[in-house]
Amino acid sequence: MVLSGKQREELNYAIADYLQTQGFNEALEAFKKEAEVKEDDNPSKYSGLLEKKWTSVIRLQKKVMDLEAKLTEMQKEVVEGGATRKTRSATDWIPRPPERYELKGHRNTVTKVLFHPVYSVIVSCSEDATIKVWDYETGDFERTLKGHTDCVQDAAFEYTGKILASCSSDMSIRLWDFTQSYDCIRTLQGHDHNVSSVCFMPSGDFLLSSSRDKTIKMWEVATGYCIKTYTGHRDWVRIVTVSPDGLLLASCSNDQTIRVWVASTKECKSELRGHEHVVECVAWAPDTALPHVAEAVGLEKKAGGQPGPFIISGSRDKTIKLWDALSGLCLMTLVGHDNWVRAVLFHPGGGKRILSCSDDKTLRVWDYKNQRCEKTLEAHTHFVTTLDFHKSAPYVATGSVDQLVKIWECR
(Lines give C-alpha, C1' and ligand atoms only; values in the text may rest on other atoms or scores of the structure.)
Protein backbone atom coordinates (compact mmCIF):
# COMPACT_ATOMS: atom_id res chain seq x y z
CA MET A 1 0.00 0.00 0.00
CA VAL A 2 1.57 3.30 -1.15
CA LEU A 3 1.27 6.34 1.14
CA SER A 4 0.81 9.84 -0.22
CA GLY A 5 3.41 12.49 0.54
CA LYS A 6 1.21 14.02 3.24
CA GLN A 7 0.50 10.63 4.86
CA ARG A 8 4.21 9.73 4.82
CA GLU A 9 5.07 13.03 6.45
CA GLU A 10 2.41 12.52 9.18
CA LEU A 11 3.64 8.99 9.87
CA ASN A 12 7.26 10.16 10.17
CA TYR A 13 6.31 12.90 12.64
CA ALA A 14 4.20 10.42 14.63
CA ILE A 15 7.10 7.92 14.80
CA ALA A 16 9.45 10.68 15.86
CA ASP A 17 7.02 11.76 18.59
CA TYR A 18 6.72 8.16 19.82
CA LEU A 19 10.51 7.67 19.95
CA GLN A 20 10.87 10.95 21.85
CA THR A 21 8.15 10.18 24.44
CA GLN A 22 9.65 6.72 25.03
CA GLY A 23 13.14 8.19 25.54
CA PHE A 24 14.74 6.43 22.55
CA ASN A 25 16.94 9.47 21.84
CA GLU A 26 19.66 7.77 19.77
CA ALA A 27 17.08 6.04 17.61
CA LEU A 28 15.20 9.34 17.33
CA GLU A 29 18.25 11.25 16.04
CA ALA A 30 19.09 8.45 13.60
CA PHE A 31 15.48 8.30 12.38
CA LYS A 32 15.25 12.10 11.95
CA LYS A 33 18.43 12.07 9.89
CA GLU A 34 17.43 9.05 7.80
CA ALA A 35 13.82 10.18 7.21
CA GLU A 36 14.74 13.85 6.90
CA VAL A 37 12.28 14.86 9.62
CA LYS A 38 12.45 18.57 10.34
CA GLU A 39 11.33 20.35 13.51
CA ASP A 40 7.58 20.94 13.26
CA ASP A 41 5.91 24.27 14.12
CA ASN A 42 3.06 22.46 15.95
CA PRO A 43 4.50 19.27 17.48
CA SER A 44 1.48 18.78 19.81
CA LYS A 45 -0.78 17.70 16.93
CA TYR A 46 1.35 14.56 16.52
CA SER A 47 1.44 13.80 20.26
CA GLY A 48 0.24 10.20 20.84
CA LEU A 49 -0.86 9.92 17.19
CA LEU A 50 0.95 6.61 16.56
CA GLU A 51 -0.65 4.95 19.64
CA LYS A 52 -4.10 6.24 18.59
CA LYS A 53 -3.68 4.90 15.06
CA TRP A 54 -2.40 1.57 16.37
CA THR A 55 -5.31 1.04 18.82
CA SER A 56 -7.87 2.08 16.20
CA VAL A 57 -6.42 -0.52 13.81
CA ILE A 58 -6.83 -3.21 16.50
CA ARG A 59 -10.43 -2.09 17.13
CA LEU A 60 -11.15 -2.18 13.40
CA GLN A 61 -9.61 -5.64 13.11
CA LYS A 62 -11.88 -6.88 15.91
CA LYS A 63 -14.90 -5.28 14.23
CA VAL A 64 -14.02 -6.92 10.90
CA MET A 65 -13.63 -10.30 12.64
CA ASP A 66 -17.03 -9.87 14.36
CA LEU A 67 -18.68 -8.94 11.07
CA GLU A 68 -17.06 -11.90 9.32
CA ALA A 69 -18.36 -14.21 12.10
CA LYS A 70 -21.86 -12.76 11.69
CA LEU A 71 -21.66 -13.17 7.91
CA THR A 72 -20.60 -16.81 8.35
CA GLU A 73 -23.54 -17.31 10.75
CA MET A 74 -25.97 -15.75 8.24
CA GLN A 75 -24.63 -17.91 5.40
CA LYS A 76 -25.04 -20.97 7.64
CA GLU A 77 -28.63 -19.89 8.38
CA VAL A 78 -29.36 -19.66 4.65
CA VAL A 79 -27.89 -23.10 3.94
CA GLU A 80 -28.92 -25.07 7.06
CA GLY A 81 -31.63 -23.11 8.83
CA GLY A 82 -33.58 -21.91 5.89
CA ALA A 83 -36.49 -24.30 6.23
CA THR A 84 -39.71 -22.41 6.65
CA ARG A 85 -41.81 -23.03 9.74
CA LYS A 86 -44.38 -24.73 7.47
CA THR A 87 -41.92 -27.50 6.66
CA ARG A 88 -40.27 -27.58 10.09
CA SER A 89 -41.98 -29.23 13.05
CA ALA A 90 -42.98 -26.94 15.93
CA THR A 91 -40.84 -29.09 18.23
CA ASP A 92 -37.78 -27.92 16.28
CA TRP A 93 -38.56 -24.20 16.16
CA ILE A 94 -35.62 -22.22 17.49
CA PRO A 95 -35.02 -18.47 17.30
CA ARG A 96 -32.84 -17.34 14.41
CA PRO A 97 -30.96 -14.06 13.94
CA PRO A 98 -31.43 -11.31 13.11
CA GLU A 99 -34.35 -10.13 15.28
CA ARG A 100 -37.61 -9.46 13.43
CA TYR A 101 -38.45 -6.36 15.47
CA GLU A 102 -36.63 -4.09 17.89
CA LEU A 103 -39.23 -2.37 20.06
CA LYS A 104 -38.15 0.99 21.52
CA GLY A 105 -40.10 3.02 24.05
CA HIS A 106 -39.03 2.17 27.59
CA ARG A 107 -36.84 4.67 29.39
CA ASN A 108 -35.13 2.16 31.67
CA THR A 109 -34.25 -1.55 31.99
CA VAL A 110 -36.84 -3.99 30.62
CA THR A 111 -37.61 -6.44 33.44
CA LYS A 112 -40.24 -8.72 31.89
CA VAL A 113 -41.61 -9.73 28.47
CA LEU A 114 -44.78 -11.81 28.22
CA PHE A 115 -46.87 -13.05 25.27
CA HIS A 116 -50.65 -12.83 25.55
CA PRO A 117 -52.27 -16.31 25.53
CA VAL A 118 -54.87 -15.31 22.90
CA TYR A 119 -54.18 -11.97 21.17
CA SER A 120 -51.15 -11.22 18.99
CA VAL A 121 -49.74 -8.84 21.58
CA ILE A 122 -46.86 -8.85 24.01
CA VAL A 123 -46.47 -6.86 27.23
CA SER A 124 -43.20 -5.53 28.60
CA CYS A 125 -42.47 -4.25 32.11
CA SER A 126 -39.71 -1.85 33.01
CA GLU A 127 -37.85 -0.07 35.75
CA ASP A 128 -39.44 3.10 34.31
CA ALA A 129 -42.61 2.06 36.29
CA THR A 130 -44.67 1.37 33.14
CA ILE A 131 -46.11 -1.62 31.31
CA LYS A 132 -46.23 -1.35 27.52
CA VAL A 133 -48.35 -3.33 25.07
CA TRP A 134 -47.05 -4.11 21.57
CA ASP A 135 -48.29 -6.03 18.53
CA TYR A 136 -45.57 -8.64 17.99
CA GLU A 137 -46.69 -9.46 14.43
CA THR A 138 -46.34 -5.87 13.15
CA GLY A 139 -43.91 -4.41 15.70
CA ASP A 140 -46.38 -1.59 16.49
CA PHE A 141 -46.68 0.05 19.90
CA GLU A 142 -50.26 -0.06 21.21
CA ARG A 143 -50.51 1.46 24.70
CA THR A 144 -48.88 2.15 28.06
CA LEU A 145 -50.39 1.04 31.39
CA LYS A 146 -49.52 3.48 34.18
CA GLY A 147 -50.23 3.13 37.88
CA HIS A 148 -47.18 1.70 39.60
CA THR A 149 -44.92 4.26 41.27
CA ASP A 150 -41.68 2.26 41.09
CA CYS A 151 -39.98 -0.44 39.01
CA VAL A 152 -42.45 -3.02 37.59
CA GLN A 153 -40.79 -6.35 38.33
CA ASP A 154 -43.03 -9.00 36.81
CA ALA A 155 -46.38 -9.66 35.12
CA ALA A 156 -48.63 -12.65 34.42
CA PHE A 157 -51.85 -13.36 32.49
CA GLU A 158 -54.59 -15.58 33.79
CA TYR A 159 -55.27 -18.38 31.29
CA THR A 160 -58.03 -16.59 29.29
CA GLY A 161 -55.90 -13.45 28.98
CA LYS A 162 -58.68 -11.22 30.35
CA ILE A 163 -56.72 -10.13 33.43
CA LEU A 164 -53.08 -9.05 33.68
CA ALA A 165 -51.38 -9.02 37.08
CA SER A 166 -48.28 -6.93 37.69
CA CYS A 167 -46.05 -6.41 40.71
CA SER A 168 -43.63 -3.70 41.66
CA SER A 169 -40.95 -2.35 43.95
CA ASP A 170 -43.72 -0.06 45.23
CA MET A 171 -44.80 -3.16 47.28
CA SER A 172 -48.13 -3.50 45.43
CA ILE A 173 -49.72 -5.93 42.98
CA ARG A 174 -52.13 -4.52 40.40
CA LEU A 175 -54.79 -6.31 38.38
CA TRP A 176 -55.59 -4.84 34.96
CA ASP A 177 -58.63 -5.37 32.75
CA PHE A 178 -57.21 -6.66 29.48
CA THR A 179 -60.48 -6.86 27.52
CA GLN A 180 -61.46 -3.25 26.72
CA SER A 181 -60.61 -0.54 29.22
CA TYR A 182 -57.07 -1.63 30.21
CA ASP A 183 -57.78 0.05 33.57
CA CYS A 184 -56.39 -1.04 36.90
CA ILE A 185 -59.34 -2.85 38.49
CA ARG A 186 -57.75 -3.80 41.83
CA THR A 187 -54.63 -3.11 43.89
CA LEU A 188 -53.39 -5.81 46.30
CA GLN A 189 -51.27 -4.72 49.24
CA GLY A 190 -49.79 -6.78 52.04
CA HIS A 191 -46.11 -7.40 51.28
CA ASP A 192 -43.59 -5.44 53.36
CA HIS A 193 -40.99 -5.03 50.61
CA ASN A 194 -40.35 -5.18 46.87
CA VAL A 195 -42.74 -7.67 45.16
CA SER A 196 -40.58 -9.51 42.64
CA SER A 197 -42.88 -12.04 40.94
CA VAL A 198 -46.51 -12.96 40.30
CA CYS A 199 -48.27 -15.95 38.74
CA PHE A 200 -51.85 -17.19 38.48
CA MET A 201 -53.05 -20.59 39.66
CA PRO A 202 -54.30 -22.64 36.66
CA SER A 203 -57.96 -21.92 37.53
CA GLY A 204 -57.35 -18.16 37.38
CA ASP A 205 -59.19 -17.66 40.71
CA PHE A 206 -56.05 -17.25 42.80
CA LEU A 207 -52.79 -15.34 42.39
CA LEU A 208 -49.36 -16.01 43.90
CA SER A 209 -46.68 -13.44 44.66
CA SER A 210 -43.13 -13.51 46.04
CA SER A 211 -41.27 -10.72 47.75
CA ARG A 212 -38.07 -9.37 49.19
CA ASP A 213 -39.87 -9.67 52.57
CA LYS A 214 -38.93 -13.43 52.32
CA THR A 215 -42.56 -14.58 51.92
CA ILE A 216 -44.88 -15.97 49.26
CA LYS A 217 -48.55 -14.98 49.36
CA MET A 218 -51.70 -16.39 47.76
CA TRP A 219 -54.48 -13.93 46.91
CA GLU A 220 -58.12 -14.37 45.97
CA VAL A 221 -58.55 -12.55 42.65
CA ALA A 222 -62.27 -11.76 43.10
CA THR A 223 -61.85 -10.02 46.46
CA GLY A 224 -58.15 -9.07 46.58
CA TYR A 225 -57.80 -10.77 49.99
CA CYS A 226 -54.57 -12.52 51.00
CA ILE A 227 -55.62 -16.05 52.02
CA LYS A 228 -52.24 -17.78 52.57
CA THR A 229 -48.66 -16.80 53.42
CA TYR A 230 -45.80 -19.28 52.85
CA THR A 231 -42.72 -18.72 55.02
CA GLY A 232 -39.40 -20.54 55.13
CA HIS A 233 -36.95 -18.79 52.82
CA ARG A 234 -34.20 -16.93 54.63
CA ASP A 235 -33.80 -14.14 52.09
CA TRP A 236 -35.48 -12.39 49.15
CA VAL A 237 -37.81 -14.75 47.25
CA ARG A 238 -37.08 -13.98 43.60
CA ILE A 239 -39.65 -16.12 41.77
CA VAL A 240 -42.69 -18.22 42.58
CA THR A 241 -44.24 -20.45 39.93
CA VAL A 242 -46.98 -23.08 39.98
CA SER A 243 -46.81 -26.63 38.60
CA PRO A 244 -48.96 -27.44 35.54
CA ASP A 245 -51.48 -29.36 37.68
CA GLY A 246 -51.69 -26.56 40.26
CA LEU A 247 -50.79 -28.81 43.20
CA LEU A 248 -47.21 -27.66 43.83
CA LEU A 249 -45.34 -24.36 43.91
CA ALA A 250 -41.64 -23.77 43.30
CA SER A 251 -39.77 -20.73 44.57
CA CYS A 252 -36.16 -19.56 44.38
CA SER A 253 -34.31 -17.15 46.57
CA ASN A 254 -31.23 -15.12 47.39
CA ASP A 255 -30.64 -17.79 50.08
CA GLN A 256 -29.34 -19.95 47.18
CA THR A 257 -32.12 -22.55 47.53
CA ILE A 258 -35.22 -23.63 45.66
CA ARG A 259 -38.24 -24.73 47.69
CA VAL A 260 -41.13 -26.92 46.54
CA TRP A 261 -44.40 -26.30 48.41
CA VAL A 262 -47.77 -28.04 48.60
CA ALA A 263 -50.06 -25.26 47.39
CA SER A 264 -53.04 -26.23 49.56
CA THR A 265 -51.30 -26.82 52.90
CA LYS A 266 -48.24 -24.48 52.75
CA GLU A 267 -46.04 -27.51 53.57
CA CYS A 268 -42.48 -27.28 52.22
CA LYS A 269 -42.12 -30.59 50.36
CA SER A 270 -38.41 -30.28 49.53
CA GLU A 271 -35.51 -27.86 49.64
CA LEU A 272 -33.17 -28.01 46.63
CA ARG A 273 -29.56 -27.10 47.35
CA GLY A 274 -26.69 -27.06 44.87
CA HIS A 275 -26.34 -23.56 43.44
CA GLU A 276 -23.41 -21.55 44.75
CA HIS A 277 -25.00 -18.10 44.38
CA VAL A 278 -28.41 -16.38 44.26
CA VAL A 279 -30.98 -18.45 42.32
CA GLU A 280 -32.50 -15.96 39.85
CA CYS A 281 -35.14 -18.07 38.11
CA VAL A 282 -37.06 -21.34 38.26
CA ALA A 283 -39.53 -23.06 35.91
CA TRP A 284 -41.55 -26.28 35.85
CA ALA A 285 -41.17 -28.86 33.10
CA PRO A 286 -44.46 -29.05 31.15
CA ASP A 287 -46.15 -32.45 30.88
CA THR A 288 -44.91 -32.84 27.28
CA ALA A 289 -41.31 -32.58 28.49
CA LEU A 290 -41.52 -35.21 31.26
CA PRO A 291 -40.69 -38.30 29.14
CA HIS A 292 -37.83 -36.42 27.41
CA VAL A 293 -36.34 -35.36 30.75
CA ALA A 294 -36.65 -38.90 32.13
CA GLU A 295 -34.90 -40.28 29.04
CA ALA A 296 -32.17 -37.61 29.19
CA VAL A 297 -31.26 -38.39 32.79
CA GLY A 298 -31.83 -42.16 32.56
CA LEU A 299 -34.79 -42.41 34.95
CA GLU A 300 -37.09 -45.40 34.73
CA LYS A 301 -40.78 -44.71 34.21
CA LYS A 302 -42.85 -44.90 37.37
CA ALA A 303 -45.25 -47.81 37.53
CA GLY A 304 -48.67 -46.66 36.37
CA GLY A 305 -47.70 -43.00 35.99
CA GLN A 306 -45.54 -40.45 34.27
CA PRO A 307 -42.10 -39.39 35.54
CA GLY A 308 -41.47 -36.17 37.38
CA PRO A 309 -42.26 -33.52 38.31
CA PHE A 310 -39.08 -31.73 37.24
CA ILE A 311 -37.78 -28.19 37.70
CA ILE A 312 -35.10 -26.11 35.98
CA SER A 313 -33.31 -23.23 37.65
CA GLY A 314 -30.81 -20.53 36.68
CA SER A 315 -28.38 -18.83 39.01
CA ARG A 316 -25.79 -16.13 39.42
CA ASP A 317 -23.28 -19.00 39.56
CA LYS A 318 -23.72 -19.01 35.73
CA THR A 319 -25.26 -22.51 35.64
CA ILE A 320 -28.63 -24.05 34.81
CA LYS A 321 -29.69 -27.04 36.89
CA LEU A 322 -32.36 -29.69 36.28
CA TRP A 323 -33.97 -31.16 39.42
CA ASP A 324 -36.31 -33.88 40.55
CA ALA A 325 -38.78 -31.64 42.40
CA LEU A 326 -39.85 -34.11 45.09
CA SER A 327 -36.58 -35.87 45.94
CA GLY A 328 -34.56 -32.65 45.64
CA LEU A 329 -31.95 -34.45 43.56
CA CYS A 330 -29.97 -32.41 41.01
CA LEU A 331 -30.14 -34.46 37.80
CA MET A 332 -28.07 -32.28 35.47
CA THR A 333 -26.03 -29.07 35.32
CA LEU A 334 -25.68 -27.09 32.09
CA VAL A 335 -22.56 -24.92 31.87
CA GLY A 336 -21.92 -22.36 29.15
CA HIS A 337 -23.11 -18.90 30.14
CA ASP A 338 -20.37 -16.44 31.07
CA ASN A 339 -22.47 -14.43 33.54
CA TRP A 340 -25.62 -14.58 35.69
CA VAL A 341 -28.47 -16.66 34.24
CA ARG A 342 -31.58 -14.45 34.39
CA ALA A 343 -34.38 -16.55 32.87
CA VAL A 344 -34.96 -20.19 31.88
CA LEU A 345 -37.86 -22.05 30.27
CA PHE A 346 -38.66 -25.29 28.50
CA HIS A 347 -39.38 -25.17 24.77
CA PRO A 348 -43.21 -25.18 24.56
CA GLY A 349 -43.22 -27.44 21.49
CA GLY A 350 -42.52 -30.77 23.13
CA GLY A 351 -39.99 -29.73 25.75
CA LYS A 352 -36.92 -31.30 24.14
CA ARG A 353 -34.97 -28.07 24.56
CA ILE A 354 -34.35 -25.42 27.20
CA LEU A 355 -33.98 -21.70 26.47
CA SER A 356 -32.07 -19.29 28.71
CA CYS A 357 -30.86 -15.71 28.76
CA SER A 358 -28.06 -14.14 30.72
CA ASP A 359 -26.07 -11.09 31.71
CA ASP A 360 -23.51 -12.34 29.13
CA LYS A 361 -25.89 -10.64 26.60
CA THR A 362 -26.89 -13.92 24.94
CA LEU A 363 -29.98 -16.00 24.36
CA ARG A 364 -29.13 -19.72 24.32
CA VAL A 365 -30.93 -22.86 23.19
CA TRP A 366 -29.88 -26.08 24.95
CA ASP A 367 -30.15 -29.67 23.79
CA TYR A 368 -30.23 -30.92 27.36
CA LYS A 369 -30.29 -34.61 26.43
CA ASN A 370 -26.75 -34.21 25.10
CA GLN A 371 -25.92 -31.48 27.63
CA ARG A 372 -24.80 -29.06 24.95
CA CYS A 373 -25.61 -25.53 23.89
CA GLU A 374 -27.23 -25.93 20.47
CA LYS A 375 -27.54 -22.25 19.54
CA THR A 376 -26.19 -18.96 20.89
CA LEU A 377 -27.66 -15.63 19.80
CA GLU A 378 -25.88 -12.37 20.61
CA ALA A 379 -29.24 -10.94 21.59
CA HIS A 380 -28.58 -7.49 23.08
CA THR A 381 -25.80 -4.97 23.71
CA HIS A 382 -26.35 -5.21 27.48
CA PHE A 383 -27.55 -7.78 30.05
CA VAL A 384 -30.52 -9.88 28.84
CA THR A 385 -32.95 -9.84 31.76
CA THR A 386 -36.03 -11.71 30.50
CA LEU A 387 -37.38 -14.00 27.80
CA ASP A 388 -40.62 -15.65 26.73
CA PHE A 389 -41.55 -18.22 24.05
CA HIS A 390 -45.04 -18.08 22.55
CA LYS A 391 -47.00 -21.24 23.36
CA SER A 392 -48.21 -21.85 19.78
CA ALA A 393 -46.65 -19.27 17.41
CA PRO A 394 -42.99 -19.27 16.28
CA TYR A 395 -41.83 -16.22 18.25
CA VAL A 396 -39.43 -15.61 21.11
CA ALA A 397 -39.15 -12.27 22.92
CA THR A 398 -36.26 -10.89 24.98
CA GLY A 399 -35.78 -7.77 27.09
CA SER A 400 -32.63 -6.09 28.31
CA VAL A 401 -30.88 -3.42 30.34
CA ASP A 402 -30.41 -1.72 26.91
CA GLN A 403 -34.13 -0.73 27.27
CA LEU A 404 -35.14 -2.71 24.16
CA VAL A 405 -37.60 -5.51 23.57
CA LYS A 406 -36.68 -7.82 20.69
CA ILE A 407 -38.92 -10.23 18.80
CA TRP A 408 -37.15 -13.24 17.27
CA GLU A 409 -38.76 -15.40 14.63
CA CYS A 410 -38.26 -19.15 14.89
CA ARG A 411 -37.53 -21.57 12.07
Any chance [atom1] of [X] has more than 12 other-residue heavy atoms, nucleotides or ligands included, within less than 6.0 Å?
{"X": "Q180", "atom1": "CD", "value": "no"}
{"X": "Y18", "atom1": "OH", "value": "no"}
{"X": "E276", "atom1": "CD", "value": "no"}
{"X": "K228", "atom1": "NZ", "value": "yes"}
{"X": "F141", "atom1": "CZ", "value": "yes"}
{"X": "R372", "atom1": "CZ", "value": "yes"}
{"X": "Y119", "atom1": "OH", "value": "yes"}

Sequence neighbours left out, cut at 3.5 Å: what donor-acceptor pairs do the side chains of residues 341-350 make with other protein atoms?
| from | atom 1 | to | atom 2 | distance (Å) |
| --- | --- | --- | --- | --- |
| R342 | NH1 | D359 | OD1 | 2.8 |
| R342 | NH1 | D359 | OD2 | 3.2 |
| H347 | ND1 | G349 | N | 2.9 |
| H347 | NE2 | W93 | O | 2.5 |

If only atom types and distance count, is the side chain of [X] paired as donor or acceptor with the main-chain N or O of [Y] below 3.5 Å?
{"X": "T362", "Y": "E378", "result": "no"}
{"X": "R259", "Y": "L272", "result": "no"}
{"X": "D324", "Y": "G328", "result": "no"}
{"X": "T386", "Y": "G399", "result": "no"}
{"X": "T111", "Y": "C125", "result": "yes"}
{"X": "S197", "Y": "V240", "result": "yes"}
{"X": "S358", "Y": "H337", "result": "no"}
{"X": "Y101", "Y": "E137", "result": "yes"}
{"X": "R186", "Y": "A222", "result": "yes"}
{"X": "S253", "Y": "D235", "result": "yes"}

Is there a side-chain contact between [X] and [Y] (heavy atoms, below 4.5 Å)?
{"X": "R364", "Y": "D360", "answer": "yes"}
{"X": "L334", "Y": "Y368", "answer": "yes"}
{"X": "L355", "Y": "V396", "answer": "yes"}
{"X": "F310", "Y": "L299", "answer": "yes"}
{"X": "S251", "Y": "V282", "answer": "no"}
{"X": "I163", "Y": "V221", "answer": "yes"}
{"X": "W284", "Y": "L248", "answer": "yes"}
{"X": "V237", "Y": "T215", "answer": "no"}

(request) Tell me, with the steps shown, if E409 and R96 meet side chain to side chain contact (heavy atoms under 4.5 Å, CB included). (result) CA-CA 6 Å; E409 196 164 11; R96 306 277 181 179; over 6 Å; no
(request) Check whether the side chains of T229 and K217 place a donor and an acceptor atom closer than 3.5 Å, and report yes or no. (result)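 T229 vs K217: donor-acceptor pair found between side chains.
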(message) Looking only at side-chain N and O atoms, does K146 offer a donor or acceptor that is under 3.5 Å from a partner on T130?
(response)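 On atom types as modelled, these side chains do not qualify, holding no pair under 3.5 Å.
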Distance check, rounded to the nearest 0.5 Å: [X] atom [atom1] versus [Y] atom [atom2]?
{"X": "E102", "Y": "L404", "atom1": "CD", "atom2": "CG", "result": "4.5 Å"}
{"X": "C199", "Y": "F157", "atom1": "SG", "atom2": "CZ", "result": "14.5 Å"}
{"X": "T138", "Y": "R100", "atom1": "OG1", "atom2": "CZ", "result": "8.5 Å"}
{"X": "M171", "Y": "Q189", "atom1": "CE", "atom2": "CD", "result": "8.0 Å"}
{"X": "L249", "Y": "M201", "atom1": "CG", "atom2": "CE", "result": "6.0 Å"}
{"X": "E9", "Y": "N12", "atom1": "CD", "atom2": "CG", "result": "8.0 Å"}

(request) Look at the aromatic rings of F178 and Y182 and report parallel, tilted or perpendicular, splitting at 30° and 60°. (result)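 Geometry flag for Y182 against F178: perpendicular rings.
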Would [X] and [Y] pass as an ion pair if we require N to O under 4.0 Å?
{"X": "E271", "Y": "R234", "value": "yes"}
{"X": "K369", "Y": "E295", "value": "yes"}
{"X": "R8", "Y": "E10", "value": "no"}
{"X": "D402", "Y": "K361", "value": "no"}

(request) Have a look at H275 and tell me which of T333, T319, I320 forms a side chain to side chain contact (heavy atoms under 4.5 Å, CB included) with it. (result)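 Exactly one candidate clears the test, T319.
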Could you report the tightest heavy-atom contact between [X] and [Y], atom names first, then the distance?
{"X": "G274", "Y": "K321", "result": "O-CE, 3.6 Å"}
{"X": "V260", "Y": "A325", "result": "CG2-O, 3.5 Å"}
{"X": "L290", "Y": "G308", "result": "CD2-CA, 4.5 Å"}
{"X": "W261", "Y": "K266", "result": "CE3-O, 3.6 Å"}
{"X": "S211", "Y": "H191", "result": "CB-ND1, 3.2 Å"}
{"X": "L28", "Y": "Q20", "result": "CD2-CB, 3.8 Å"}

(request) For the pair T144 and K132, evaluate side chain to side chain donor-acceptor pair (under 3.5 Å) and give the outcome as yes or no after the intermediate values. (result) CA-CA 4 Å; T144 299; K132 292 188 182 291; 2.9 Å; yes
(request) Please step through side chain to side chain contact (heavy atoms under 4.5 Å, CB included) for the pair L188 and L207, ending with a clear verdict. (result) CA-CA 10 Å; L188 315 180; L207 180 75; 3.9 Å; yes
(request) Sequence neighbours left out, what passes ring-ring contact (aromatic ring centres under 6.0 Å, His included) with H193? Give chain and number order. (result) none
(request) For H390, check ring-ring contact (aromatic ring centres under 6.0 Å, His included) against everything at least two apart and list the hits. (result) F115, Y136
(request) Would you mind telling me which of S196, S169, S210, S209 makes a side chain to side chain donor-acceptor pair (under 3.5 Å) with Q153? (result)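 For Q153, the side chain to side chain donor-acceptor pair (under 3.5 Å) test succeeds with only one of S196, S169, S210, S209, which is S169.
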(request) In sequence, state the C-alpha distance, the side-chain angles, and the governing distance for C410 and I94, and then conclude on side chain to side chain contact (heavy atoms under 4.5 Å, CB included). (result) CA-CA 5 Å; C410 302; I94 59 173; 5.8 Å; no
(request) Start with the C-alpha distance between L329 and W323, add both sets of side-chain angles, then the distance that settles side chain to side chain contact (heavy atoms under 4.5 Å, CB included), and finish with yes or no. (result) CA-CA 6 Å; L329 191 68; W323 310 81; over 6 Å; no
(request) Please step through salt bridge (Lys or Arg N to Asp or Glu O under 4.0 Å) for the pair R411 and D92, ending with a clear verdict. (result) CA-CA 8 Å; R411 294 194 297 279; D92 295 321; over 6 Å; no
